[in-house]
A.B. asks: 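Structure provided below as structure tokens; questions to follow.
Proteins get letters first, then strands, A, B, ... in listed order; numbering begins at 1 in each.
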Amino acid sequence: MDLVREVLDSRVLDRAGQPIGRVDGIVLRLRDGEPPVVTDLALGGLTAVNRLRRPFRGVVAWIVTRWGLRAGRAYRIPWSRVHDVGIDVTVGVDERETPAHAWERRIGRSIVRRLGG
Amino acid sequence: MEVRLERLVGRRVVDRDGRGIGHIEEVRAEEVGGELRVVEYLTGTLGARRRLMLATLPLHAAGVLGIPLAGSGYRIPWRELDLTDPDRPRTRCRREELPRDGG
Amino acid sequence: MKKLLEIALGVVTSIGGYLDAGTIATAAAAGALFGFDLLWVIPLGTLCAICLVEMSGRLSAVSRHTLRDAMRERLGFDFFVLTLVLGLVVDVSVLAAELGGMAIAAELLTGIAFRWWALPAAVLTWLILWKGTFGVIEKGVALLGLVTVSFLAAAWTLHPPVGALARGLVPSLGAGDRFRYWFLAVAILGSLISPYLFYFYSSGAVEEKWDESYLGVNRIVATLGMAFGGIIAMAVLVVAAMVFHPNGIRVERYEQATLLLTAPFGRAGFYLFAASLGIACLGAALELALAVGYDFAQGFGWRWGQNRRPRDAARFALVYTGALAVAAIPIALGVDPLGVTVLSMAFTALVLPFVVLPFLALMNDRGYLREHTNHRLANAVVLAVVVLAFVLAVVSIPLQILGGG
């Protein structure tokens, strides 16, 4: 499996096929004398922001931590919960467990519903 | 120790003697016993076959017109890449000892 | 049978949806200043647009991903962010131009200054997006947009000299004010090859769940729709060449542009022009606002889709709402919509290589498109036009700004 081509930046779908974000990062654990192993996929938070070049990183990081949920912490999905890697990455997670859903709900309640949406 | 793959992509790799052998373009892995283990790292000079990078746009213009893109990289087996300092990856061997990646 | 109906609807909506504030403003200005001399730019830009739109439909039908999905997945995060920011700046400025066009149409009909119509125009656009479905938006408004065929009727009525038309289709270096000539050539190209067109088209292909069996439909819709749209754009230039150029009238305000249809049709032409401008700009504003929402939602993996209720894709809905609010500001402040329009078209041309080149690279990626990658000729055509537009933009925009044109 080519991790950059097939996994990194792919869209992530929950077990019901709903989008919950993109693979912004992949966590490797280094081990003495053994090959590194993929432990988690990282979604959201400052993961994507830290991939930006230096001048932009600071500004965007401020926005994310000010307005995003969980003060910019990334959401990690253990590799063991990845079901399929194809056009999208499908994981055995319920969308309702994820920060993305909480963020959608918060915006939905505070702004969208008030506008009749 | 944890290393973030997305921070490795695009990093310049040098060999044991400090000579450049390209930038990390791809990380190849395989499932063994329920684990997804890194097998090798692929470097290149262009990002042509795997990821586009901003600096390589003119070369991609050439590729789009069918002009063969020059350059290939190296395949670094996992045990040959020293990631003690993930911002400055280096191989444990000389580049002549590494297999070339023909794409 | 279903596919035939889809083709027919797709072509009709492309015709109705192709004309917008940018095309009307730039074609009218070009015809007024240079007669038929810039006619050749429109088929060139239309050919390029056909290629790009067909490509974006093919990408989505084969990969089941939108163009923005593919950009993120193949280009690396840095480049994705660059194209996102550039696209946002261009899209919001063009959106401002379209809202300006709607506001002008309302001013023509009511006599109330356009700046007071900026907010209602934005609210109307927003309401249609908030309450409507993709089908209603795409097909309903574009069917109404067929009123722009009145430009074709006007061109026919005025009997343009065939010899002059033929000469206009041959590229020339331009006579008279060369800087203005090339600046308008760039602006026309920018109005025809707007990135939001092919981002929106690819999102539509995914919303409509196109697959490989739709490749033929895609080819026909893209070709016929854009081609007929290009013919209407040429009609605008031809009418301007017949009505303004012989009298030395420069089109510096939208109000003057009403002559395009009042000259051939009298009073009825005035209402036709207002309707054409208003509806064409409304259609474009809807697509642009959605395109901004798609860019963010697809790029970051949020829920998106015009067929979802806003509360079910809240971040996507909030982004297009914000885009409309920001775009309304310059028009509400009284900034001249025609000036905004022409300049935003030229900036589009400047940004094109950064959007189109990665797109072309994607279209040659077998991992995404398997055996449906681009033919080398298509690559060459698109590359040539886009590079030409960029070079001309780099040269002519500063000169135009310094020259106060």
Side-chain angles (χ1 to χ4, degrees), chain A residues 1-12 21-57 60-61 72-86 89-92, chain B residues 1-13 22-44 46-56 73-92 101-103:
Chain A
M1 185 183 297
D2 288 350
L3 294 177
V4 175
R5 185 179 181 84
E6 297 177 53
V7 183
L8 189 63
D9 291 315
S10 288
R11 198 169 55 158
V12 182
R22 286 194 178 271
V23 179
D24 295 310
I26 298 175
V27 183
L28 301 177
R29 180 158 49 90
L30 302 183
R31 307 179 294 184
D32 283 334
E34 287 190 78
V37 68
V38 174
T39 57
D40 303 271
L41 304 180
L43 280 66
L46 291 173
T47 312
V49 176
N50 286 333
R51 294 166 70 185
L52 290 173
R53 310 245 165 189
R54 208 165 285 275
F56 308 108
R57 206 186 291 170
V60 180
R73 283 199 298 278
Y75 175 60
R76 288 195 179 190
I77 299 175
W79 182 257
S80 55
R81 297 188 82 176
V82 171
H83 285 177
D84 183 55
V85 173
V89 173
T90 308
V91 296
Chain B
M1 179 181 155
E2 263 185 16
V3 164
R4 301 300 286 264
L5 182 143
E6 71 276 9
R7 303 295 297 274
L8 280 181
V9 173
R11 290 271 173 218
R12 186 166 174 269
V13 184
H23 297 79
I24 295 178
E25 288 188 2
E26 185 58 88
V27 179
R28 209 158 261 173
E30 65 178 4
E31 287 230 43
V32 177
E35 284 185 333
L36 188 62
R37 296 178 179 179
V38 173
V39 172
E40 59 187 1
Y41 305 88
L42 286 84
T43 68
L46 302 173
R49 288 173 299 283
R50 291 170 191 88
R51 300 289 285 220
L52 289 179
M53 294 175 206
L54 184 57
T56 62
Y74 292 88
R75 291 166 48 200
I76 308 171
W78 67 268
R79 62 177 77 249
E80 296 298 343
L81 190 66
D82 178 4
L83 289 172
T84 312
D85 181 356
D87 290 338
R88 289 172 192 78
R90 59 191 304 132
T91 62
R92 296 188 169 94
D101 171 36

A.B. asks: E2(B): what forms a side-chain hydrogen bond (donor to acceptor under 3.5 Å, both in side chains) with it, not counting sequence neighbours?
C.D. replies: R76(A)
A.B. asks: Please name the pair of heavy atoms, one in L5(B) and one in L8(A), separated by the smallest distance, quoted to 0.1 Å.
C.D. replies: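 Result for this residue pair: CD2-CD2, 4.1 Å.
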A.B. asks: Any side-chain heavy atom of L3(A) sitting closer than 4.5 Å to one from L36(B)?
C.D. replies: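 With C-beta onward as the side chain, the pair touches.
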A.B. asks: Roughly how far, to the nearest 0.5 Å, is the CE atom of M1(A) from the CZ atom of R37(B)?
C.D. replies: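 Spacing of CZ (R37(B)) from CE (M1(A)) equals 14.5 Å.
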A.B. asks: Distance from L28(A) atom CG to L8(B) atom CG, nearest 0.5 Å?
C.D. replies: 6.5 Å
A.B. asks: For chain B, which residues from residues 32-39 of chain A lie under 4.5 Å away (heavy-atom distances)?
C.D. replies: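 Answer by number: G33(A), E34(A), P35(A), P36(A), V37(A), V38(A).
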A.B. asks: Could you work out, with side-chain hydrogen bond (donor to acceptor under 3.5 Å, both in side chains) as the rule, every residue matching E6(B), not counting sequence neighbours?
C.D. replies: R4(B)
A.B. asks: To the nearest 0.5 Å, what is the distance between CG (D2(A)) and CD (E26(B))?
C.D. replies: 4.0 Å
A.B. asks: By side-chain hydrogen bond (donor to acceptor under 3.5 Å, both in side chains), which residues pair with R92(B), not counting sequence neighbours?
C.D. replies: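 Listed in chain order: nothing, the list is empty.
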